[in-house]
2 protein chains.
Amino acid sequence: MFEGEYSVSLDDKGRVSIPAPYREQLRRRYDDLRVVVCRDYDGCVSLYPPAEWERSVLPEVYGRPINDQWRRAFESFVVGSAVTCTPDKQGRIAISATLRQHANLSKKVIFTGGVGHFQLWDVALRDAKLQRDLEILRAPQPAPVA
Amino acid sequence: MFEGEYSVSLDDKGRVSIPAPYREQLRRRYDDLRVVVCRDYDGCVSLYPPAEWERSVLPEVYGRPINDQWRRAFESFVVGSAVTCTPDKQGRIAISATLRQHANLSKKVIFTGGVGHFQLWDVALRDAKLQRDLEILRAPQPAPVA
DNA sequence: CCTTTATTCCCCACTATTCCCCACCAACCG
DNA sequence: CGGTTGGTGGGGAATAGTGGGGAATAAAGG
């Protein structure tokens, strides 16, 4: 569990500081500061501890036949963009121009927590996403959990 | 059960004192002064004892399929913003700028009690919420719980 | 194949923020 | 009227975030 949201800045060299609480989690829980950085189809960049990547992302691919349409798209779009990064001494990683472009990242960016991974968003896109989330959450309750 | 409403102030550093009765409840009933602070889609900030968070909030997420729309929105909106805070020696916690902005919190804020959690409101938004509550409560009764 | 140019990576230094602690004030209770 | 408890404000130390310089590496061109 990566907790909280953090606003950080992307410098001229394309680097971002991974928020200290996330680094703490990477160190304590995974004993590995590296992260797998990849394209996400929500329009952001997703970051996984390598252990989580292998545990929960790769099986999504290998669990399907090699001619499965969804698998081929996922493999191409997500896995195809994945790079394992090691943070520098200040806890930063560089985001490639390709990924920056994909997620429309400019100077002000936002990290958002999640279970087993976290994400990197452009401020405006994140706001739009929250707005859509709100509409879904405020709509009449769905059927209770079975 | 967290009882009562309390008016407190948010200082320049974004800190609020958790009302003493709530702290007393956290200590006696949960033996843990920490609270999970998160965005709430009613427009306020919700605070849960960690035990309650795991008992009643997280199952709402994990009880649903990962591609469920409501689950994805809830995970992004609520869980994505959650941070576990430990009160300082004076019983205060810091509310991040993001959460303050979300709930429109200024200097005067209100804590409201609840079952298993409590909330932090802006005065005006709280008044509006009470008004809406009234309308719901005065409307024709729904069918009894099965 | 060597030279030149561009890029990446690493490290240092500055600034801003956070956290922790101490002190004051006000209200309530004995 | 004094003591105790809860709320509020502020100072100082530690930590995190940011920007930039320089070395090493890789790429391109002669």
Side-chain angles (χ1 to χ4, degrees), chain A residues 2-28 33-37 45 47 81-101 105-113 118-123, chain B residues 2-28 33-37 45 47 81-101 105-113 118-123:
Chain A
F2 291 92
E3 297 194 332
E5 288 194 330
Y6 301 91
S7 177
V8 295
S9 65
L10 197 72
D11 67 22
D12 293 345
K13 298 181 182 176
R15 300 173 299 182
V16 275
S17 285
I18 295 175
Y22 293 179
R23 295 206 303 267
E24 171 75 8
Q25 181 78 350
L26 290 171
R27 198 179 319 112
R28 295 181 60 121
L33 284 178
R34 294 175 308 156
V35 281
V36 177
V37 185
V45 171
L47 302 98
S81 69
V83 199
T84 302
C85 298
T86 306
D88 66 19
K89 213 176 182 181
Q90 281 77 255
R92 289 177 295 195
I93 54 170
I95 305 295
S96 72
T98 308
L99 285 176
R100 289 204 302 272
Q101 196 173 342
L105 302 177
S106 50
K107 188 168 170 61
K108 293 201 62 170
V109 293
I110 296 180
F111 274 101
T112 66
F118 51 97
Q119 300 179 325
L120 187 58
W121 287 87
D122 165 64
V123 182
Chain B
F2 292 92
E3 298 192 333
E5 287 195 334
Y6 300 90
S7 177
V8 295
S9 66
L10 198 72
D11 68 23
D12 293 345
K13 297 182 181 175
R15 300 173 298 184
V16 275
S17 285
I18 296 175
Y22 293 178
R23 294 209 302 267
E24 172 72 9
Q25 180 79 349
L26 289 170
R27 200 178 316 113
R28 295 180 60 120
L33 284 178
R34 294 175 308 156
V35 281
V36 177
V37 184
V45 171
L47 302 98
S81 70
V83 200
T84 303
C85 296
T86 305
D88 67 17
K89 216 176 181 180
Q90 282 76 257
R92 289 177 295 194
I93 53 169
I95 306 294
S96 73
T98 308
L99 286 177
R100 290 204 301 271
Q101 195 175 341
L105 302 177
S106 50
K107 188 167 171 61
K108 293 200 59 167
V109 294
I110 297 180
F111 274 103
T112 66
F118 50 97
Q119 299 179 325
L120 187 57
W121 286 88
D122 165 65
V123 182

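Quick note: numbers below take in every heavy atom, side chains included, and nothing from hydrogens, waters or symmetry partners. In what follows, chains carry the letters A, B, and so on, assigned in the order in which the sequence lines appear, proteins first and then strands, with residues in each chain numbered from 1. Since the model is a prediction, treat every value here as computed from it, not as a measurement.
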Between B:T86 and B:R34 the two heavy atoms that sit nearest each other are OG1-CG, 3.4 Å
Tightest non-hydrogen contact, residues B:C85 and B:I93, listed as CB-CG2, 3.9 Å
Check: Between A:F111 and A:F2, does the ring centre distance come in under 6.0 Å?
Finding: no
Contacts under 3.5 Å, N or O only, protein and nucleotides 17-20 of chain D:
from, atom 1, to, atom 2, distance (Å)
D:dG17, OP2, A:R23, NH1, 3.2
D:dT18, OP1, A:S9, N, 3.2
D:dT18, OP1, A:S9, OG, 3.1
D:dT18, OP2, A:S9, N, 3.3
D:dT18, O5', A:S9, OG, 3.3
D:dG19, OP1, A:K107, NZ, 2.6
D:dG19, OP2, A:K107, NZ, 3.4
D:dG19, N7, A:R92, NH1, 2.9
D:dG19, O6, A:R92, NH2, 2.9
D:dG20, N7, A:R15, NH2, 3.2
D:dG20, O6, A:R15, NH1, 2.8
D:dG20, O6, A:R15, NH2, 3.2

A:E24 CD to D:dA14 C1', in whole Å, measures 15 Å
Rounded to whole Å, the NZ-P distance (A:K89 to C:dT8) equals 22 Å
B:D88 CG to D:dT8 P, in whole Å, measures 12 Å
Between B:A82 and B:V36 the two heavy atoms that sit nearest each other are CB-CG1, 3.8 Å
If we count only N and O atoms by modelled type, under 3.5 Å, do the side chains of B:T84 and A:E3 hold a donor and an acceptor together? yes
From CD1 of A:I95 across to C1' of C:dC9 the rounded distance in Å is 15 Å
- request: Before giving the answer on side-chain contact (heavy atoms from CB on, under 4.5 Å), spell out for A:S7 and A:K108 the whole-Å C-alpha distance, their side-chain angles and the decisive distance to 0.1 Å.
  value: CA-CA 7 Å; A:S7 177; A:K108 293 201 62 170; 4.2 Å; yes
